[in-house]
Every structure is written in structure tokens, then in C-alpha cells.
Chemist: 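Dropping a structure here in C-alpha cells format, bear with me for questions.
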Amino acid sequence: MKHFSLPEDGGICINDVPSDILHACDKIYTDSFLDQDSAADEIVSRIIRTVKNFFTESPAAKFKLGFSTGSSPVPVYDKLARAYKEGKISFKDIEIYSTDEFYAPDGKTNQRRSTPLVTHLIEKIDVLPENVHLLDGTVEHNEVSSYCADFDAKARNIDLLVMGLGEKGQVGFNEMGAEKYSRTRSVMLSYNSRKRQAANFNGNIDETPKMALSIGMSTMLSAKKVYLMAWGEEKSDVVRKIVEENEDQMCPASFFQDHGNVHMFVDKAAGSQLTREVAPWLLGPCNWTPKFRRKAVIWLSQKVGKPVLLLSQKDYLQNSLGELIEQFGPYDKLNIDIFNDLQHTITGWPGGKPNADDSTRPVPSNPYPKTVLIFSPHPDDDVISMGGTFIRLVYQGHNVHVAYQTSGNVAVHDDVVLQHMDACAELGFENRFDEVKSLVESKIPGQPEPRALLELKAAIRRSEARAADRSFGLDGSHVHFLNLPFYESGGIIKLPRTQKDVDIIKNLMKELAPDQIYMAGDLADPHGTHRVCTEAAMEALFQLKEEGISWAESCTVWLYRGAWMEWDLGTVDMAVPISPAEVIVKRHAIYHHLSQKDIVPFPGEDPREFWQRAEDRTQNTARLYSELGMAKYQAIELFVKYKEK
């Protein structure tokens, strides 16, 4: 199955720049890759090379290989297991260490942080049992101190330590405020950390352990070689702090700046806030594509605090953009060109304006009306992420369909189900409250939920989605629930995407033959449902093109973002202003998703409800456009047109 990514559009001329210039701002040498898959390939290649070199020099010794737990190293585990199967590496003389584990000596949890390490790697290779050293989270309280001291002694001077990063720069369970001299020990987990870990416990923080075991910072820093890795846009801020800012106790991974042999591997999303990505013209010559020119001028405008049309030649020269005005100036012409380019992204007609000159509009006038297919990974992403545009497409008379790709069942709290059952009983329908309550009580932490309970939760989410769509006039025959199989694992960890998922989407596409398709653009998320859903839809469209389906070639794909992130203005192809009245209609549509309101059913430190996040995001976008010199709007939703490489 294909993996899709957004094509590169301009940037630093890497072939013309020595690597030391490209990494001039790195306090930890960092390589950025297109995606986590290609980064994992490079990490595994280096692990194999390091191991072979070690045994060439010390054939009778044991190689000590350490891994952090969690999801970040999983692609490395999988590729190492494949390399073993292909005969590229043997683990018979390798000792494997884990760095962290939940601590629950009372046995109240069967969840283990090391489970992915075991199932994805250890069980698939020839490592000897006596060479596997995983922290034991069941050690008795009166023994834990001596156990940690013994483990620390063994885990000193690991030959290669491979570590994923937390969103705040945690490594293992060394969290904000960890001491540089810390050793292997038991630690109390903060409330925010437990919220993040609650995803492993069906989203229930009450079932999440309050303590953990972790090797300490000094133990990690004793490793002879360290590989750090980070995937996804949510890690971009902390990657910048670790790589380019000063060592900070509140960002424990920054302690590795003092390590003499450390290398960071990131995907494009995680590395998106590094200087080489944000302002590469500060480092060397660039490929000045139209969008890249826009990116640079917007950066300059925001840096000096001026609208685009007021930028001066001095502003360009003092901020390392002399090359830009040399090639595309003079500066005042460049200002006008970028202003017009940005202005032309704005349209109140996302389906195209009938009988209008569309030469500078992002969407052609014809055909009208268009058949529009909106894909929503969960049953509320459509109204949260692009609700204003959705509403406008309906109001402007297009043939709009929405397809909810997954049931979203695991995001419904048990209390919500019981409340619905209670309401049914109160209304005189069949009283199944006690039956459903027993289903809820039969749940086993860490295990898939009972299928009957999941079906009730899916039904709740379907009813909410239909109510939201009805609120702005979308006919029920235009609402489709795909229930893609990959999602139906009954737990947080999903099944692999297969052709079955793709075929369901293909069948709907063939039935509708859309002129426009809207999809979630969160391709940066390596593990999330958004990426899997979008890649399944992309794969479906790609296969239809391969099959010679005529409409598939002319269909335009627009990518929207989720509730947390927004497109960089330099990449935008369409900006849809939302009026104050439409903001209210969108808010009310989001309100219909009652099971998702007030209680955020998954980890996160953002206390805002979804409607607040959506409004804050779109109103901030409108503010940014205004500061650049555009007209003032209440809110703006942004889209990027997907183009195949």
C-alpha cells in the first residue's frame, strides 16, 4: 500500500550547501527525512553497521542495545525484525535493555510499556532470554530501590541507546524537572503525563498507573552512542528546543547536547520548526518557487511587524533575503506580487463562482453545481475542521456528500452510553439499562471493549453526525458511514490498513464521481487515524486513475487540517472566509456531537472544547491575513490542493 506525502515546494539548495552549513544551528546533529518510514530505514541501517563494527573489534564481547518504550520506536522494531529475518543481523550476542515501565506492584494493570518492544521485536528475533533486560513494574515496594540500583549498574555504558521523545522533551519517564544526575528509580507520574498515557487504558485516567520505573538521565548519558527520534508535528516545538536552544532542565532531552556521540532523526513534520525549514535563507541559497517566495515574504512581514506592501528594501537586506530581491525584485514589485498571490487564495466560493471570471480564483466556475465528497476520519472532523466551508458548499447549491470513514466508537465514554439507555427507558422504549451497565462492568482494562458495547457507541456517534448535518440542511441520503475495518480493533491500537478499507472508499467514489474531494491533511501523523483514513482515500483515487476512470483524473483533492494545527500560510491554495453568522452555524453543528463535548476523551493538555479550538484556530488565521494587509474577516478556513509528485 502506498504512503502519501505532500510534495516539496522550494527550499534550501541542499546539493549546493555543505552539510556543516545545513546543520549550522544544530546543537544536536539532526537529519530530517520525508517520513518516519525512511528515517527508520536509516536508523536500522546504522544500528546494523554499528553492531557489525563492534563485533569486528570485539568478537567475544556482548553488545548492549537499549530502547525506550512507547510508539516512536515501533517502525525501528519492525525493520530490525525484518533485517533479522533477511539474515542481515543476529541478536545472539546482543543484550537488549528497556528504559521505562509502568509501576504497579499490586497487579492492577496488565498493561506494559515494553509490550511493543516484545511483540514487534524480541519475539521475532534470536535474542537469548538471559540477554533481555526489561524493567519489571511488578517488583514489591520494599524491593524496588535495590532492584533499581541493580538494574542501573547493568544499564550503564550501553553501547547504543535508541530513544523516542515525549512532547515535552521527556526521555523514558524522565519528565520536566528531571535531574541530570538521576539514576534508575521509581517516579511519580504527573497528572498531564497520566493523561497522555491514558490512551493505553481506554482513555480512562483512573485506570492509568500513578508511578513508573525509569533509568535516569545520568544512566542514559553514560551510553556510548545515542540515537534520538521524533515523529509528527506535535513534536516540532520540542525538537526545535532540543536541537537549537539551550540546555534546559524542563526539557530533559536537551541534556544530550553535552553528549559527545548523539544523533537526532526526525520526519519532516517533527523537524518543521527547525531553522533550515522555517527560514532556510538564513543558511544558504534557495530554490525560489512561487510558494517558497510567498513563505519568505510572509516570514519577513511577521518578523518586522509590517503588512506585505509596507516592506522596504532595508527589511529584505537586513534579514538575509537579498538573494530574493536580486532574482525577483525590485522589492516593491516583489511586495505587490506576493500581496496579489496571497489575495488570490481567498474565495467565498469554494465550489467555484458560477458565471464568473475564474482566472485568478482557486476553483474554476464550471461545472456548476459540483459533486463534492467530504471525507471525515471521525464523525465530527468535518464540522470541526472545515465546517464553515461545508456549510457554504451546501448553501451555494452543490451536490455535497459527507463520508464518515470510521465509527469513532472508542471515543464515547461509558457514562454517555448509560445516559442514552436511561433516556430510552424514560421515553417508554425497551429498558436495557441494566444489561448495558453489565456490559460496561465486564470491560477488562487494556483489552478490546465488548462488541455489543462498541455497536451502541457507534450508533450514538452516527446519530450525532446526522443531527449536525441536518442542522445546516444536508439531506440524510447524502450522509455515508463507511465503518472502515482497520478501525474496528475495539481498542486504541488499530488494525493494519488493507485493500478492504480501500475498496469501501472506491465503491463510494465510483457511485458519486465527485468533482471535488476534501480530506484530512494530517499526513504528518505517523500513527493516527487521520493519516490512515487519508492514505486509504488517496490509494482509492490512485487505483481508480490506474483503472482509467475518467472523472478521477479531473477530480481536485483539497486537504484540510484538524482542530489543533493549521496550514502554514506559505503553502495555502484556498482560504475560505467565514462570516459571523456562519461561525455560529458551525458552532451549533459541533454542539450536536454531544458525546465529545465538555469531556476530552483522549490525552492532551488543551482544556478547550472542540468548538473553541476550531474558532480560535480560524479566527487566528483571519488575524494573520489581516496583519499581512488583507481584508479583515471573522474567521478563515485554509486548504491545500494535493498534487501528485
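Not measured: the values here are computed from a predicted model.
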Chemist: Determine yes or no for a side-chain-to-main-chain donor-acceptor pair under 3.5 angstrom, with S45 supplying the side chain and E42 the backbone.
Modeler: no
Chemist: Minimum heavy-atom separation for M509 to A540, with atom names?
Modeler: SD-CB, 4.1 Å
Chemist: In plain terms, say whether R293 and D341 are close enough for a salt bridge, that is, a side-chain N and a carboxylate O under 4.0 Å apart.
Modeler: no
Chemist: Where the side chain of D381 meets the backbone of H378, is there a donor-acceptor pair that is under 3.5 Å apart?
Modeler: yes
Chemist: Say whether D35 and S38, considering side chains only, have a donor N or O and an acceptor N or O under 3.5 Å apart.
Modeler: yes
Chemist: Can you find a side-chain donor-acceptor pair between E637 and T389 that sits under 3.5 Å?
Modeler: yes
Chemist: Any sub-3.5 Å donor-acceptor pair from E547's side-chain atoms to K545's backbone N or O?
Modeler: no
Chemist: So, for I505 and A537, which heavy atoms are closest and what is the spacing to 0.1 Å?
Modeler: CD1-N, 3.7 Å
Chemist: Check whether the side chains of E449 and N409 place a donor and an acceptor atom closer than 3.5 Å, and report yes or no.
Modeler: no
Chemist: Find the distance between CD1 (I578) and CE (M386) and round it off to the nearest 0.5 Å.
Modeler: 9.0 Å
Chemist: Determine the minimum heavy-atom distance between K586 and T618, stating which atoms define it.
Modeler: NZ-CG2, 3.9 Å
Chemist: Is the NZ atom of K241 crowded by more than 12 outside heavy atoms at less than 6.0 Å?
Modeler: no
Chemist: So, S272 and E233: side-chain donor and acceptor under 3.5 Å apart, yes or no?
Modeler: no
Chemist: Going by distance alone, is a donor N or O of one side chain under 3.5 Å from an acceptor N or O of the other, for D382 and Y404?
Modeler: yes
Chemist: Between the main-chain N or O of V572 and the side-chain N or O of R294, is there a donor-acceptor pair closer than 3.5 Å?
Modeler: yes
Chemist: According to ring pair (Phe, Tyr, Trp, His ring centres under 6.0 Å), who are the partners of Y395, at least two apart in sequence or on a separate chain?
Modeler: none
Chemist: Can you check whether R617's main-chain N or O pairs, donor with acceptor, with T621's side chain at less than 3.5 Å?
Modeler: yes
Chemist: Atom CZ in F33, atom NZ in K268: separation rounded to 0.5 Å?
Modeler: 10.5 Å
Chemist: With K370, which residues qualify under salt bridge (charged side-chain N to carboxylate O under 4.0 Å, His left out), at least two apart?
Modeler: none
Chemist: Provide the closest heavy-atom pair for K641 versus D573 in the form atom of the first, atom of the second, distance.
Modeler: N-OD2, 2.8 Å
Chemist: If you define the side chain from C-beta out and look only at heavy atoms, does anything of Q516 sit under 4.5 Å from C555?
Modeler: no
Chemist: Is there a donor-acceptor contact under 3.5 Å linking the side chains of Q543 and Q499?
Modeler: yes
Chemist: Does A458 offer a backbone N or O that forms a donor-acceptor pair with the side chain of S407 under 3.5 Å?
Modeler: no
Chemist: Can any side-chain N or O of H592 pair as donor or acceptor with the backbone N or O of A465 at less than 3.5 Å?
Modeler: no
Chemist: Begin with the C-alpha distance, continue with both residues' side-chain angles, and end with the deciding distance and a verdict on side chain to side chain contact (heavy atoms under 4.5 Å, CB included) for F67 and T69.
Modeler: CA-CA 6 Å; F67 289 107; T69 60; over 6 Å; no
Chemist: Is the positively charged end of K494 above the ring of Y487, judged by distance under 6.0 angstrom from the centroid and angle within 45° of the axis?
Modeler: yes
Chemist: Using 0.5 Å steps for rounding, measure from the CD1 atom of I636 to the CD1 atom of I346.
Modeler: 5.5 Å
Chemist: Over all heavy atoms of both residues, which pair between I242 and A253 is shortest? Give the atoms and the distance, please.
Modeler: CD1-CB, 3.5 Å
Chemist: Taking side chain to side chain contact (heavy atoms under 4.5 Å, CB included) as the criterion, tell me which of Q619, Q612, R613 meets it with E615.
Modeler: Q619
Chemist: Is there a donor-acceptor pair under 3.5 Å between the side chain of K235 and the backbone N or O of L165?
Modeler: yes
Chemist: Measuring from atom CG of L484 to atom CG of L495, what distance do you get when rounded to the nearest 0.5 angstrom?
Modeler: 11.5 Å
Chemist: Hey, do the aromatic rings of Y518 and F390 have their centres closer than 6.0 Å?
Modeler: no
Chemist: Looking just at side-chain N and O atoms, do S376 and Q405 make a donor-acceptor pair shorter than 3.5 Å?
Modeler: no
Chemist: Please check this pair: side chain of S68 against backbone of T99, looking for a donor-acceptor N/O pair closer than 3.5 Å.
Modeler: no
Chemist: If you take all heavy atoms of Y77 and P116, which pair is closest and at what distance?
Modeler: CD1-O, 3.7 Å
Chemist: For the atom pair CG (D501) and CG (N483), what is the distance rounded to the nearest 0.5 Å?
Modeler: 11.0 Å
Chemist: Supply the atom-to-atom distance F265 CZ to M163 CE, rounded to the nearest 0.5 angstrom.
Modeler: 14.5 Å
Chemist: If we ignore hydrogens and angles and just use 3.5 Å, is the side chain of E234 paired with the main-chain N or O of A270 as donor and acceptor?
Modeler: no
Chemist: Decide, yes or no, whether a salt bridge links R276 with D26 under the criterion of side-chain N to carboxylate O below 4.0 Å.
Modeler: yes
Chemist: Just checking, any donor-acceptor pair under 3.5 angstrom between side chains of Y625 and T345?
Modeler: yes
